[in-house]
Number of protein chains: 2
Amino acid sequence: MVVDDLSDADLDRLFQAFADATRRDIVTRVTAGESSVSGLAEHYAMSFAAVQKHVAVLERASLVTKERRGREQIVRAHHYGLQRARRLLDEYETIWRQRADRIADILAEDRKRVPS
Amino acid sequence: MVVDDLSDADLDRLFQAFADATRRDIVTRVTAGESSVSGLAEHYAMSFAAVQKHVAVLERASLVTKERRGREQIVRAHHYGLQRARRLLDEYETIWRQRADRIADILAEDRKRVPS
DNA sequence: ATCATCTACAACCATTTGGTTGTAGAATAA
DNA sequence: TTATTCTACAACCAAATGGTTGTAGATGAT
């Protein structure tokens, strides 16, 4: 049962977004609670513009959303992006596990046929 | 309960490795069954050297292993890298879900106090 | 009205990335 | 031995990435 319908480009953006420690930290923060871009920027030893770019990357990957509130831009976690990434890795792991089980079965057969 | 102990650089490599469609396809293939590097290269419209590089990226990310067999280099899936990535995303999702539940509770409280 | 704050975005720079071609070594086949 | 196959790796290139500074527009506070 496939629930995801993400293009290669979508997946590229999704995993690329996770491939940076600052961005993973931003995801953690806004997952714990919303924050303005400048609020986020305080926590990192880089310029506001750099943080702004990181947020933009996360937004393009559908991992966060931005919403204006007064003069601030509020960043929130976007659940579904996260869920999709996890499900994809789940699929890989399921395939792997099935194969591992099959190998285990074959080994078990061997043991029956050639008892020590 | 934290089972993972991956540095930022480890995670960078891990997600970076997934951030390319060719590499994800290689992971899928070798997850279904081992293959030589040249065997993999047949499936892609790029040079052998390019595929070789992709395999090297996956190897550095601990997603596959290489082993010499005669003149071939056999590529296999390495389960643990995959598992670690999935668990990390699980953690994010758990945090998010807890927060979503908390918000739902607060809304439920509101409904009790201010019945329509 | 003025000032401070928050954001947007352009221009620039160094490094990394994803590809190429070319050369060379090791293992197998004839 | 010689030829073929598979791999390793260097050198190169264009484009993307992750950072910077600088300028300008909106919004809120005094």
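Letters A, B, ... are given to chains in the order of the sequence lines, protein chains preceding strands, and every chain is numbered from 1.
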Next item on the list: Indicate, with a heavy-atom threshold strictly under 4.0 Å, whether A:S36 touches base, sugar-phosphate, or nothing.
Entry: sugar-phosphate
Notebook entry, point to check: Under the 3.5 angstrom rule, does the side chain of A:R24 hit a backbone N or O of B:D8 as a donor-acceptor pair?
Noted result: yes
Next item on the list: Write down the distance between NZ (B:K53) and C1' (D:dC13), rounded to a whole number of angstrom.
Entry: 10 Å
Next item on the list: Give the nucleotide from the list D:dC9, C:dA4, D:dG18 with an atom nearest to the side chain of B:Q52.
Entry: D:dC9
Margin query: Which nucleotide wins on minimum distance to the side chain of B:V37, given the candidates D:dT7, D:dA29, D:dT17?
Written below: D:dT7
Margin query: Checking the side chain of B:H78 only, and the main-chain atoms of B:T65 only, is there a donor and an acceptor separated by less than 3.5 Å?
Written below: no
Item checked: Shortest side-chain distance from B:A49, nucleotide among C:dT21, D:dG19, C:dG19 -> C:dT21
Checklist line | Short side-chain N/O contact to C:dG19 OP1/OP2 from B:S47, under 4.0 Å | finding: no
Notebook entry, point to check: Would you say A:R68 and A:I74 make side-chain contact, with heavy atoms under 4.5 Å?
Noted result: no
Checklist line | Upstream residue (5' side of DNA chain D) when A:G70 and A:R60 are each assigned their closest nucleotide | finding: A:R60
Margin query: Let me test you: for the helix from C:dA1-D:dT30 to C:dA30-D:dT1, what is the angle between the axes at its two ends (five pairs each), rounded to 10 degrees?
Written below: 20°
Next item on the list: Select one nucleotide: of C:dG18, D:dT5, D:dT27, the one nearest the side-chain heavy atoms of B:R71.
Entry: D:dT5
Next item on the list: Answer yes if B:V55 and B:L14 sit in the same cluster of Ile, Leu, Val, Met, Phe, Trp and Tyr residues linked by side chain heavy atoms under 4.5 Å apart, and no otherwise.
Entry: yes
Margin query: Side-chain N or O of B:Q73 versus OP1/OP2 of D:dC6: is the shortest distance under 4.0 Å?
Written below: no
Notebook entry, point to check: Taking the side chain of B:F48 as heavy atoms from C-beta outward, which of C:dA4, D:dA8, C:dG22 is closest to it?
Noted result: D:dA8
Item checked: Nearest-angstrom distance from the residue atom NE2 of A:H54 to C1' of C:dA8 -> 17 Å
Note to self: Please determine whether a side-chain nitrogen of the Lys or Arg among B:K66 and B:E34 lies less than 4.0 Å from a carboxylate oxygen of the Asp or Glu.
What the structure shows: no
Checklist line | Whole-Å gap separating C1' (D:dG18) and CZ (A:R24) | finding: 14 Å
Next item on the list: Report the distance from atom CZ of A:R69 to atom P of C:dT7, rounded to the nearest whole Å.
Entry: 11 Å
Checklist line | Presence of A:K66 side-chain N/O under 4.0 Å of C:dA8 phosphate oxygens OP1/OP2 | finding: yes
Check: Rounded to the nearest Å, what distance is computed from the CG atom of residue B:D20 to the P atom of nucleotide C:dT16?
Finding: 18 Å
Item checked: Contact check, side chains of A:L40 and A:R29, non-hydrogen atoms, under 4.5 Å -> yes
Margin query: Show every ring-ring contact (aromatic ring centres under 6.0 Å, His included) that has at least one partner inside residues 50-73 of chain B, sequence neighbours left out.
Written below: none
Check: Quick one: do B:R13 and B:D10 make a salt bridge, cutoff under 4.0 Å?
Finding: yes
Notebook entry, point to check: On DNA chain C, nearest-nucleotide positions of A:R68 versus A:Q16: which is more 5'?
Noted result: A:R68
Notebook entry, point to check: Is the shortest side-chain N/O distance from B:R23 to OP1 or OP2 of C:dG18 below 4.0 Å?
Noted result: yes
Note to self: On the nucleotide C:dT7, are OP1 or OP2 found under 4.0 Å from the side-chain N or O atoms that A:S38 carries?
What the structure shows: yes
